[in-house]
Number of protein chains: 2
Amino acid sequence: MLLDDRKKRILEAVIEEYNATAEPVGSGKIASDYNLGFSPATIRNEMANLEEMGFLEQPHVSAGRIPSSSGYRFYIDSIMKEKTLSPKEKQIIDDVLKEDVIKFDSLIKEASNILARITNYTSIAVGPQMNNCTVEEIKLVKLGQDRLMIVILADNGIIKESIIKYDGILPEENIQIFNTYLNQKLKGLNFEQIYENINAYVEDELYNISTNVIPLVNELNSLLIDKNVDIHMEGTKNLLELPELKQTNTLKNFLNILETQDALKELINNGYDGNVNVYIGQENAFEDLKDFTIITYKQKINDKELGTIGLIGPKRMDYKKVIPIIKYVGDALQEKMKQGGSFDGREQSDES
Amino acid sequence: MLLDDRKKRILEAVIEEYNATAEPVGSGKIASDYNLGFSPATIRNEMANLEEMGFLEQPHVSAGRIPSSSGYRFYIDSIMKEKTLSPKEKQIIDDVLKEDVIKFDSLIKEASNILARITNYTSIAVGPQMNNCTVEEIKLVKLGQDRLMIVILADNGIIKESIIKYDGILPEENIQIFNTYLNQKLKGLNFEQIYENINAYVEDELYNISTNVIPLVNELNSLLIDKNVDIHMEGTKNLLELPELKQTNTLKNFLNILETQDALKELINNGYDGNVNVYIGQENAFEDLKDFTIITYKQKINDKELGTIGLIGPKRMDYKKVIPIIKYVGDALQEKMKQGGSFDGREQSDES
DNA sequence: TTTAGCACTAAAAACCATTGAGTGCTAACA
DNA sequence: TGTTAGCACTCAATGGTTTTTAGTGCTAAA
């Protein structure tokens, strides 16, 4: 045990107080408001110790202490007790996910949406990386006079779809033939694998049908690797009121990060699976997020990745409440996706 | 002519200067930097006149003047000369829209994207109101073991699509039959009209096929009226640095409006068609947007609405540059959509 | 008709003293 | 021996005063 009981209780008190006020907390406040049974002087000593150990920080000599990232880390791992959700909260979550939505993207966005609403932080939702999916089925559908819809069903149950101009030179009967041909050739193959050398798979017979299938093949290919998987965010404005962003440049840089998204994607894809991951302050590599925490929960069913939901909030967020919430929502979402699909968890569409 | 030439030139100078600095501009500055050939005292007199006429305002007695909304309005309508885009700017725009994207939503987002990048303001993109569209074609497509895709092609060329769980009780042959049936019944009908009483159209024969088509019919119906048409925004962060948002609450309220979107939608749908609409300051009804201007350009081909692109920026935006840009982008977009479709401008998909 | 000159105004900046919330250390205490 | 009262000390925050600055409007002269 790294910390004795008294230190733990003091660290906890400092964190609770700091979370509530966002101001450095002094020994007097702890002594008077959290009756631990010690005088300010004693608490002062312990705080000095905790600071030496790296769990607390002091902005300047005559100020109180604020918890450091390792302080929070220790708190989350070894001190706090997760709250259980209130029946009302559960109710709200269940209600939202009980709706008859079965489109994958709607589902994950709904889940993220509710996270933002319940926690009052910013929530994120990202679709899955499809690189390692395999093709289960391809459908070509003629629409109106002049368009063709390409639909790809992946083995994780996600559907990608796109529409191209159909120039009419490819005779309608041939669409069926080409459709069958594509399925024969590509079914069971890995998305990335196809993407990198689609010509090797279809070029031979390509011209036997018509040179006009080239744009079709191109579009199909670009459907496989969606380069701009973007991150859906909800409740950005929840964060803007935070004192953490009151310094002039922080806000700008902060929103820059949120808008750029690249870095966020990186982070989100790193989460180890099936459980909640918490990145506190500098643990998340961006200087401008040093006062923020990102929590992610990667959705996975039977080893198939189905996207990630997450939260961004201030470092001083109410972990013992927020963590159970994201767990609950994530579990419910996963459950919903599982029962939605009939054999291996498939039951989604995906915007393309 | 409402204003004599001297007043015009002074008003123009004040606007140019204020646009550049966001500070009230004084007579001295104008006299020294814009050589109009008058002393500060003369300019001071004219400014007092312009203020009386409502074109300028004065924050307090010992400050310079800032242009009022009607000042800007007059400037846009009667003073400024639109700049022509540089070949480089045209190039950038053309390049983006030359890409082989033919999905409607991608196109309009690309266009909005480039607006934000070139102007450094926030751009918006909204899909069209579909209420007055009519059904041109409906397709039901079986996907994998257990899902059914519903596709609706509207008469403006936009495609709506959704996926539902297919419980297998409806025999596969019947899908075709039901598909044909739906087309017979609904083709040519107005979206809103169908939405309000779909049962009247299909209920009779509904149960003859299977009660299991009910969820299908429901989903089809909800596809018709997409209640959450959301606004795509790009470059929100461009605005955050503006001094206009430096007062404490403004920022929060401002982002609130952007996030709520309802009000924005309202505004955007009001634009008179086929041309650029400029809403300056209080012209746009939201107290918290009083220091901002919204410019919209509603896309329309052969009387079919295809969405709107727009810009949000500070009232003091560089109109003579920005207006030609949105015109150019809007025209290019419209052209692209026109040539994309073969007969009446159809060539898009739509995320559902 | 224009402009130089000047008194006047109000915000912003600079200055300065005071307050207050906190500390660390020491010596006394249970 | 661990705890605490007491106290000197630090430094940001507050608030009031003064100074500076950027502008004005008006008047009288060119």
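Each chain gets a letter, A, B and so on, in the order its sequence line appears, and its residues count up from 1.
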Can you check whether B/S39 has a side-chain N or O nearer than 4.0 Å to OP1 or OP2 of C/dT2? no

Tell me whether the OP1 or OP2 atom of D/dG23 has a side-chain N or O from B/R65 closer than 4.0 Å. no

For a salt bridge (charged side-chain N to carboxylate O under 4.0 Å, His left out) check, start with the C-alpha distance between B/K320 and B/E16, then their side-chain angles and the critical distance, and finish with the verdict. CA-CA 10 Å; B/K320 65 184 183 310; B/E16 307 269 299; 3.4 Å; yes

Using 30° and 60° as the class boundaries, would you call the ring planes of A/F55 and A/F74 parallel, tilted or perpendicular? tilted

Passes side-chain hydrogen bond (donor to acceptor under 3.5 Å, both in side chains), B/E52 versus B/N49? Steps please. CA-CA 5 Å; B/E52 202 157 323; B/N49 292 335; over 6 Å; no

Quick check against the 3.5 Å criterion: does B/T308 have a side-chain atom that pairs as donor or acceptor with the backbone of B/K298? no

Of the options D/dT24, C/dT2, C/dT3, whose atoms approach the side-chain atoms of B/R6 most closely? C/dT2

Quick test: give all pairs of protein nitrogen or oxygen and nucleotides 26-30 of chain C nitrogen or oxygen below 3.5 Å, distance rounded to 0.1 Å.
none

Taking only heavy atoms on the protein side, list every residue of residues 11-33 of chain A lying under 4.0 Å from any atom of DNA chain C, sorted numerically. A/G26, A/S27

Is a side-chain donor-acceptor pair under 3.5 Å present for B/Y72 with B/T293? no

Select from B/F38 and A/E51 the residue whose nearest nucleotide in DNA chain C is closer to the 5' end of that strand. B/F38

Return a single string for nucleotides 6-13 of chain C, one symbol per nucleotide in 5' to 3' order, where B is base contact, S is sugar-phosphate-only contact and - is none, cutoff 4.0 angstrom on heavy atoms. ---BBS--

Rounded distance (Å) that lies between atom C1' of C/dT1 and atom NZ of B/K7: 13 Å

